[in-house]
Amino acid sequence: MRCVTEIERNAIHGQFHSTFGPGGRVRLIRAPGRVNLIGEHTDYNEGFVFPMAIEPEVRFACRARTDGMVRLVSSLFPKQIIEFSIQHKIERSEPAWSNYVRGVAAELIGAGIAIEGMDLYIDNTLPMGGGLSSSAAIEVGTALCFLTQQGQKMDLTRLALLCQKAEHEYALVPCGIMDQTIVSSGREGHAMLFDCRNGTKQFIRIDEKELRVVIVNSMVKHELSGGEYALRRKQCEEGAAFFHRINPAIRSLRDVTIKQLDESKGKLDPIIYKRCRHVVSENHRTTDAALALERKHYDRAGELMVQSHQSLRDDFQVSCAELDFLAEQAMTVKGVYGARMTGGGFGGCIVALVQPRAVESLSHHLTESYQKKHQIKPAVYVTTATAGASVVQ
Ligand code: GLA
């Protein structure tokens, strides 16, 4: 895992003190971004996801205050100091990103946890709205700041649920549980097969000598609160309700078999049928891909990723021209096992599983061809799997 270097630590402390003044005990916390290798739009259907925590991360410098105020600055908007009090009801407010912090403070208080105010400097190296879960990183990191100041710890499942609730109620994004779980529970060198129904986590080694994970940001912004994400959730619920009427043992799309799906064709609204077909097939692909990676069957894992992209593009309809282009072009490079869009969709990133010696040619080819076709320079990240959020100092 890449550690926070002394130079970086000094730089964050420097930023903190020049923003909030000298003195006091300043703590340093980190929370990684995440990439999902496969298992998209399955988490809110009680299905399987297979994400890993990545090296780009958010760092937090915080110092307790005794007056109940939270004062907040992000490195992305260094001139803006945002303030709110934890002694009054915490309301949603502007700027939008501050709601992740407000939401977490409110949910901690709501859960009966005593917290204090703080000065908080957020150093963000993750693109906001770039599909690498900067929001979950801010939520989980903020929660760790509040908890660490009180000398408290929280069970990671509870922490993830609390942060998810903050996102639902303060950022108004009806997200699933994948992002907050991997940001808090990631393990160095491993991807995590997570069962969103029963909370089981299975860590699968990603052998760095044999495999690299390359993420390419299309630079097209995705806006999950924009309505399409919520609409997909609703369509999945509608599908689950249809199957429940036929068989009351079916609680969610997780329970639907391929046979039941096939039998529903023609009876289910065609759009809902397509959404269901994505979720049902994606769950199979996800457990199959985790097994393939465990057995080092990289070609098979890659093939499943390509199928996942096609299903997200054609059945779930959450891709876009830019992501399709990047995923298709990635597959033309020798040594690339698989590539697909990752995250909620409508922009954001693709993820590719790549032989180490193919990283350079992939990065070069995508940068060139994408610029030529879409006149946008993509950002490329080559990463290993890293650990979940932690206290650095
Ligand atoms: C977003 C949400 C997740 C998940 C993905 C799609 O990242 O935050 O909960 O639903 O989209 O797989």
Side-chain angles (χ1 to χ4, degrees), residues 31-54 97 99-100 103 126-140 157 160-186 191-197 199 215 217-218 220-237 240 252-254 275 278-283 285-286 289 304-305 308-309 311-313 315-320 323 340-351:
R34 69 94 186 91
V35 71
N36 191 18
L37 297 179
I38 191 164
E40 222 66 80
H41 290 273
T42 44
D43 61 351
Y44 53 82
N45 291 299
E46 298 191 312
F48 294 92
V49 292
F50 193 39
M52 62 183 228
I54 59 172
W97 68 268
N99 287 318
Y100 302 123
L126 279 169
M128 284 243 200
L132 300 179
S133 239
S134 61
S135 48
I138 294 178
E139 289 151 11
V140 173
T157 304
L161 283 167
L162 188 141
C163 290
Q164 182 197 27
K165 193 154 176 255
E167 181 140 353
H168 285 182
E169 287 174 14
Y170 279 74
L172 306 184
V173 177
C175 62
I177 192 63
M178 166 171 72
D179 303 347
Q180 292 79 3
T181 303
I182 187 64
V183 168
S184 50
S185 301
M192 181 182 81
L193 178 66
F194 183 60
D195 181 333
C196 301
R197 167 168 277 172
I215 300 165
N217 189 346
S218 68
V220 177
K221 282 252 173 201
H222 78 157
E223 189 64 72
L224 291 188
S225 55
E228 288 291 333
Y229 183 88
L231 179 61
R232 294 301 180 282
R233 275 199 81 143
K234 234 177 112 250
Q235 291 169 330
C236 289
E237 279 159 23
S252 67
L253 291 185
R254 157 72 174 269
R275 305 298 187 247
H278 166 71
V279 175
V280 174
S281 60
E282 184 79 350
N283 273 328
R285 281 189 290 273
T286 304
L304 290 159
M305 289 172 77
S308 166
H309 183 86
S311 177
L312 287 158
R313 182 192 63 199
D315 276 357
F316 217 64
Q317 295 180 296
V318 290
S319 188
C320 60
L323 291 174
R340 57 181 285 277
M341 57 152 279
T342 182
F346 309 106
C349 298
I350 65 146
V351 58

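Both ligands and their constituent atoms are indexed starting at 1 by order of listing. Position 1 is the first residue of the sequence, and the numbers go up from there. Side chains are part of it too, since the values below use all heavy atoms of this structure and drop only hydrogens, waters and symmetry mates.
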Quiz item: For E40 and ligand 1, does the shortest N/O to N/O distance drop below 3.5 Å?
Solution: yes

Self-check item: Taking every non-hydrogen atom, the tightest pair across M305 and V351
Solution: CE-O, 3.7 Å

Quiz item: Should the ring pair H41 and H278 be called parallel, tilted or perpendicular, given that the plane angle runs from 0 to 90° and is split at 30 and 60?
Solution: perpendicular

Quiz prompt | Where ligand 1 meets M178 - atom numbers and elements under 4.0 angstrom, heavy-atom basis | solution = 4 (C), 5 (C), 12 (O)

Quiz prompt | Any side-chain donor near an acceptor of the partner, R285 and S308, under 3.5 Å | solution = no

Quiz prompt | Numbering as shown, the atoms of ligand 1 that approach Y44 to under 4.0 Å (heavy-atom distance) | solution = 10 (O)

Quiz prompt | Which of the ligand 1 atoms, numbered from 1, are nearer than 4.0 Å to a heavy atom of D43 | solution = 3 (C), 4 (C), 9 (O), 10 (O)

Quiz item: Got a second to check how far E40's CD is from M341's CE, nearest 0.5 Å?
Solution: 5.5 Å

Self-check item: Residue pair L126 / A137: nearest heavy atoms and the distance that separates them
Solution: CD1-CB, 4.0 Å

Quiz item: So, for T42 and V279, which heavy atoms are closest and what is the spacing to 0.1 Å?
Solution: CG2-O, 4.2 Å

Quiz item: Is there at least one pair of N or O atoms, one from R34 and one from ligand 1, spaced under 3.5 Å apart?
Solution: yes

Quiz item: Which atoms from ligand 1 have a heavy atom of D179 less than 4.0 Å away?
Solution: 1 (C), 2 (C), 3 (C), 7 (O), 8 (O)

Self-check item: Close N or O approach (C175, ligand 1; < 3.5 Å)
Solution: no

